[in-house]
2 protein chains.
Amino acid sequence: MGGRRRSFWGWGWEDRFPPREVRRSFGRQLGAMLGFAPTALGEPPRIDGVELANVRIDIPVPLADFLTVDPESRIRHTYGRAYPDIVRGFRGDFAPAPDLVGRPRNESEVVAALDWASDAKVAVIPYGGGTSVVGGVEPRVSRDFAATLSLDLRGLDRVLEVEPASLTARIQAGALGPALERDLARQDLTLRHFPQSFEFSTLGGWIATRAGGHFATVYTHIDDLVAAIRMVTPSGVLETRRLPASGAGPSPDRLVLGSEGALGVITEAWMRVRPRPTFRSTATCHFRDWGTAVAATRQLSQSGLFPSNCRLLDAREAMLHSVASDGSQVLIIGFESADHPLEAWMGRALDLVADHGGSCPGGPIHQAGDEPTANEAGAATWKSAFLEAPYLMNLLVSLGLIVDTFETACPWDGFEALHGDLLRNVHAAMSRECGGGFLSCRFTHVYPDGPAPYYTFIAPGRLGAELAQWRTVKKAASDTLISHGATITHHHGVGRTHLPWYEKQRPHLFAEVLRAAKQQLDPQGVLNPGVLLSEP
Amino acid sequence: MGGRRRSFWGWGWEDRFPPREVRRSFGRQLGAMLGFAPTALGEPPRIDGVELANVRIDIPVPLADFLTVDPESRIRHTYGRAYPDIVRGFRGDFAPAPDLVGRPRNESEVVAALDWASDAKVAVIPYGGGTSVVGGVEPRVSRDFAATLSLDLRGLDRVLEVEPASLTARIQAGALGPALERDLARQDLTLRHFPQSFEFSTLGGWIATRAGGHFATVYTHIDDLVAAIRMVTPSGVLETRRLPASGAGPSPDRLVLGSEGALGVITEAWMRVRPRPTFRSTATCHFRDWGTAVAATRQLSQSGLFPSNCRLLDAREAMLHSVASDGSQVLIIGFESADHPLEAWMGRALDLVADHGGSCPGGPIHQAGDEPTANEAGAATWKSAFLEAPYLMNLLVSLGLIVDTFETACPWDGFEALHGDLLRNVHAAMSRECGGGFLSCRFTHVYPDGPAPYYTFIAPGRLGAELAQWRTVKKAASDTLISHGATITHHHGVGRTHLPWYEKQRPHLFAEVLRAAKQQLDPQGVLNPGVLLSEP
């Protein structure tokens with residue numbers, strides 16, 4: 001990977017952005033599929049052309065070893081990787097850039113940074129991989145703060161300890177997905193948490209945002225993989241016991257999970273890992289209509305078979321990802337185990353699919369033996385199509401298209417009405433704002449009591465008006481979720497983008513509790529202001 | 001059940017307490033098995049002989065419909081059902097009796113009670129089934145309070161709504177196990193949460209104390225079965241959304257789970273229910289030695305087979321429960337499903353047992369078809385031995401024996417050392433205090449990262465000194481748990497009994513957060529004072 005650079009304005013590696021001619025030709029094909037054409041063919045900005053505001057504060061001498069005002073660092077810590085981030089990045093607009101970037105090399109430096117920031121009233125934005133899609137790492141704070149500091153945790157990147165008998169490992173919060181998997185693979189273990197952002201996101205980020213991972217059932221969220229957490233706050237260190245389970249009062253881990261950098265900086269965690277699977281069964285099933293596909297998926301989710309993959313794509317999603325182009329809805333089922341062959345599990349799942357009129361043209365595929373080593377490439381094998389998806393956003397932004405995803409979870413009994421209203425309201429918003437648009441749906445995770453549907457929308461943008469257009473469509477989607485009693489996010493997090501809807505969803509008294517918790521842990525309110533709680 | 005009465009001093013139904021001669025004879029047999037003889041043959045108290053302190057407060061007129069100072073009600077709301085509760089009850093000592101008992105018939109009356117109590121500085125002890133084994137419902141509070149009110153929720157006992165497609169049901173918090181199972185059975189559904197106290201404990205109590213239930217793996221705690229909660233607090237009502245999952249900030253449900261009546265009064269919850277199982281496979285496996293039995297159980301817990309039952313009994317426990325008397329350790333494995341036969345699951349589990357040298361003399365038993373209706377008797381079929389266990393405590397108390405259980409969870413890598421120290425330290429305490437004793441262990445629940453071991457101890461008491469003796473043994477056990485990094489409770493809860501050790505286990509900063517949460521929700525601090533947080 002020597003010398004390979006991440007894009008400063010878009011998703012992933014810089015060298016993955018295709019040349020102009022490739023993008024033009026791709027745009028034509030995509031336009032034919034979507035029914036509307038790209039509206040631009042822009043060129044990415046140059047980093048040396050970016051203008052930044054003046055730094056408002058001096059680096060304190062004791063922290064000079066790990067704080068910087070270097071412009072490139074500031075640019076690279078301005079945004080996450082949501083659509084509005086990439087649009088602004090592509091325009092070369094880095095107005096919210098932090099004054100300072102910190103790269104602590106150990107926990108003491110995190111403590112020192114928080115102490116100084118609390119005294120100096122500097123807003124601290126904890127930064128893991130910078131892949132937030134909800135404005136969670138953008139230093140957009142009120143003028144009450146003297147300055148902003150983006151605190152990049154990637155210097156804390158080691159697997160510190162492994163307890164193979166207990167299948168747990170103590171891992172520093174700044175470890176990126178591929179690095180921690182590489183370390184665990186040395187002991188034939190794996191965390192097996194593969195969010196779409198896997199390659200560029202960190203353990204601490206996953207915990208702070210309650211990331212959703214590889215498993216479609218049972219262990220869906222990182223929450224389920226956490227055995228203990230260590231978090232630095234301006235009031236001291238909060239560390240929980242490594243326990244497989246406990247009934248001793250409300251769970252302290254669950255306060256940290258989803259705290260999004262507003263209550264403290266997670267520095268390490270004991271994680272539940274597992275042996276790498278040696279048995280794998282997969283099947284791709286087709287359904288004529290959406291209703292029966294949903295019914296089959298629901299039954300599978302309630303069967304107790306606990307598939308590791310249970311991904312339902314609607315016909316548009318199947319087309320977009322080149323999984324099917326005949327109008328079928330596609331259900332991808334996967335089982336995996338390090339302990340036993342899975343024929344019985346898959347056999348029952350396919351019976352159940354057949355009972356609902358689904359077919360599995362390729363039959364099930366059973367594999368035994370090691371899967372490719374869990375390094376960057378290997379861990380991503382079956383998910384490669386989805387890992388690639390984020391790169392698509394760079395490309396579509398350059399073509400003037402608006403593209404975003406939103407996701408939720410709701411009870412099965414409310415899904416049909418919610419889905420219908422989402423289709424209506426989001427299409428109506430796209431028609432009104434953009435003259436048309438594309439909307440597709442898949443289930444990323446399923447539970448006995450409801451699915452986690454994930455939507456992708458694409459619409460033609462008007463140069464310079466894209467952000468306003470996007471906001472209107474996003475609002476239509478978010479309003480619909482909240483009015484139907486669904487959650488504003490199943491695993492993307494709240495950040496700054498979802499805050500207004502989260503505030504409607506969250507019980508009023510729980511907001512008061514969170515505010516009181518923040519007052520205890522972060523008395524000066526310097527941690528990620530505007531995230532989780534609106535600034536006072 | 002017409003006219004059947006609960007014992008006012010001991011566990012369960014009054015008519016289950018055996019006559020003197022039966023107890024004498026049982027005591028002889030037990031003595032032969034344990035190696036020490038009963039030290040007494042006492043007679044239970046009469047309720048009309050119990051003396052109560054004067055009531056310190058007048059019933060406010062607007063609440064007169066559901067508050068009472070009736071002595072029998074006060075007596076029946078004095079204790080939970082821990083060993084010290086039954087000892088004091090058996091002595092006829094009901095000193096901590098509440099001044100008032102409330103039996104609200106709806107949520108408005110709960111609100112009215114909390115409003116009045118907050119104003120009048122009356123301590124409110126939420127009371128479900130009264131089966132706490134950790135002093136959670138005992139009105140033992142400081143003199144700062146004007147009086148104590150035990151608020152019995154059993155008037156809120158209905159299943160309000162069922163959503164079969166989502167397998168969820170809205171249930172009032174005061175519903176007892178058998179009643180809610182009977183209501184759900186009408187739609188062929190079951191909550192399938194069967195703690196040992198099932199017959200006499202309530203949904204609200206389970207949620208408040210993070211009760212452990214039927215399933216040995218995956219859905220072990222009531223936490224996993226909660227889809228939404230409604231809780232009345234002095235500051236208003238906190239109600240969460242019914243969601244299969246969410247990533248929107250820290251989970252509000254998880255603050256309520258384990259709040260033990262100190263943050264509010266749970267009035268209802270949306271619970272995850274399931275179809276009643278139609279396939280069941282069980283096997284009883286024997287192991288020569290404890291170490292290999294533990295290793296086999298560990299491997300099963302890490303296999304991904306997710307047995308619904310995975311209960312390992314050490315040789316003493318197996319003897320005590322008449323499961324084996326040849327010195328074998330016994331592992332009871334069960335699978336159940338409403339969807340599929342379980343031969344493949346059980347087959348792999350038994351291979352794994354055999355790999356560790358275990359045997360299954362009776363072979364696996366596979367059953368298909370309905371199990372007995374889930375009424376009081378039926379739901380308890382396979383657990384009858386354990387449901388009976390609490391009755392044993394009444395009997396042993398009358399025989400002058402000290403008997404109690406304690407339970408925990410710890411990582412697999414720490415179990416052997418913890419277990420060794422527990423055996424040493426608890427036996428040493430029993431020898432010192434009681435001249436000997438019996439200690440057995442079983443695993444009630446298992447996780448990929450560790451077991452939840454459950455211990456039973458029995459020792460000869462000295463009349464009048466039993467509570468001091470018990471405290472010493474309990475302290476030896478609790479100190480050992482905490483010093484080994486284990487949890488003070490896996491599912492019994494904290495209550496007043498475990499508070500000193502819970503305070504050592506709980507991160508200091510999390511205590512501050514809980515205190516701040518209580519200040520928000522219960523500004524006058526009237527809710528279950530001394531539980532979860534020490535009184536200021």
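To find a chain, count down the sequence lines: A is the first, B the second, and so on, and within it residues start at 1.
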Which portion of [X] sits near chain B, non-hydrogen atoms under 4.5 angstrom:
{"X": "S246(A)", "answer": "both"}
{"X": "L243(A)", "answer": "both"}
{"X": "F510(A)", "answer": "both"}
{"X": "L305(A)", "answer": "both"}
{"X": "F415(A)", "answer": "neither"}
{"X": "V237(A)", "answer": "backbone"}
{"X": "S337(A)", "answer": "side chain"}
{"X": "L238(A)", "answer": "both"}
{"X": "P451(A)", "answer": "backbone"}
{"X": "E407(A)", "answer": "neither"}
{"X": "E512(A)", "answer": "both"}
{"X": "A245(A)", "answer": "both"}
{"X": "H221(A)", "answer": "side chain"}
{"X": "I482(A)", "answer": "both"}

What residue in [options] has the most heavy-atom pairs under 4.5 Å with chain A?
{"options": "A344(B), P448(B), A452(B), G304(B)", "result": "P448(B)"}
{"options": "E239(B), H491(B), Q302(B), H445(B)", "result": "Q302(B)"}
{"options": "P275(B), S259(B), C410(B), G414(B)", "result": "C410(B)"}
{"options": "G485(B), A516(B), G450(B), S251(B)", "result": "G485(B)"}
{"options": "P244(B), G247(B), G258(B)", "result": "P244(B)"}
{"options": "S303(B), G212(B), A338(B)", "result": "S303(B)"}

Could you check whether the rings of F306(B) and F306(A) sit parallel, tilted or perpendicular, using 30° and 60° as the cut-offs?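 Perpendicular.
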Taking the side chain from [X] and the backbone from [Y], do they hold a donor-acceptor pair closer than 3.5 Å?
{"X": "S166(A)", "Y": "W412(B)", "answer": "yes"}
{"X": "R254(B)", "Y": "L255(A)", "answer": "no"}
{"X": "E260(B)", "Y": "A248(A)", "answer": "no"}
{"X": "R242(A)", "Y": "P411(B)", "answer": "no"}

Salt bridge check: are R274(A) and D449(B) linked by an N-O gap of less than 4.0 Å?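 Between D449(B) and R274(A) there is no salt bridge, as every charged N stays at least 4.0 Å from the carboxylate O atoms.
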Under a 4.5 Å cutoff for heavy-atom pairs, which residue among [options] has the most contacts with chain B?
{"options": "A227(A), G236(A), A486(A), G493(A)", "answer": "A486(A)"}
{"options": "P252(A), S235(A), A409(A)", "answer": "P252(A)"}
{"options": "W270(A), W501(A), Y502(A), W345(A)", "answer": "W345(A)"}

Nearest-0.5 Å distance, CG of residue L509(B) to OG1 of residue T233(A):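 Nearest 0.5 Å value for the CG-OG1 distance: 5.0 Å.
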Are more than 12 heavy atoms, taken from residues, nucleotides or ligands other than E416(A), located less than 6.0 Å from that residue's CD atom?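 At most 12 heavy atoms, drawn from other residues, nucleotides or ligands, come within 6.0 Å of this atom.
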Run the side-chain contact (heavy atoms from CB on, under 4.5 Å) check on D339(A) and R348(B) step by step: do they pass? CA-CA 9 Å; D339(A) 180 77; R348(B) 173 58 195 146; 2.8 Å; yes
Nearest non-hydrogen partners of [X] and [Y], listed with the distance:
{"X": "K504(B)", "Y": "R241(A)", "value": "O-NH2, 4.2 Å"}
{"X": "G249(A)", "Y": "V494(B)", "value": "N-CG2, 3.7 Å"}
{"X": "V513(A)", "Y": "A517(B)", "value": "CG1-CB, 3.8 Å"}

Of D253(B), L514(B), V256(B), L257(B), which meets side-chain contact (heavy atoms from CB on, under 4.5 Å) against P250(A)?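 Of the listed residues D253(B), L514(B), V256(B), L257(B), the side-chain contact (heavy atoms from CB on, under 4.5 Å) partner of P250(A) is L514(B).
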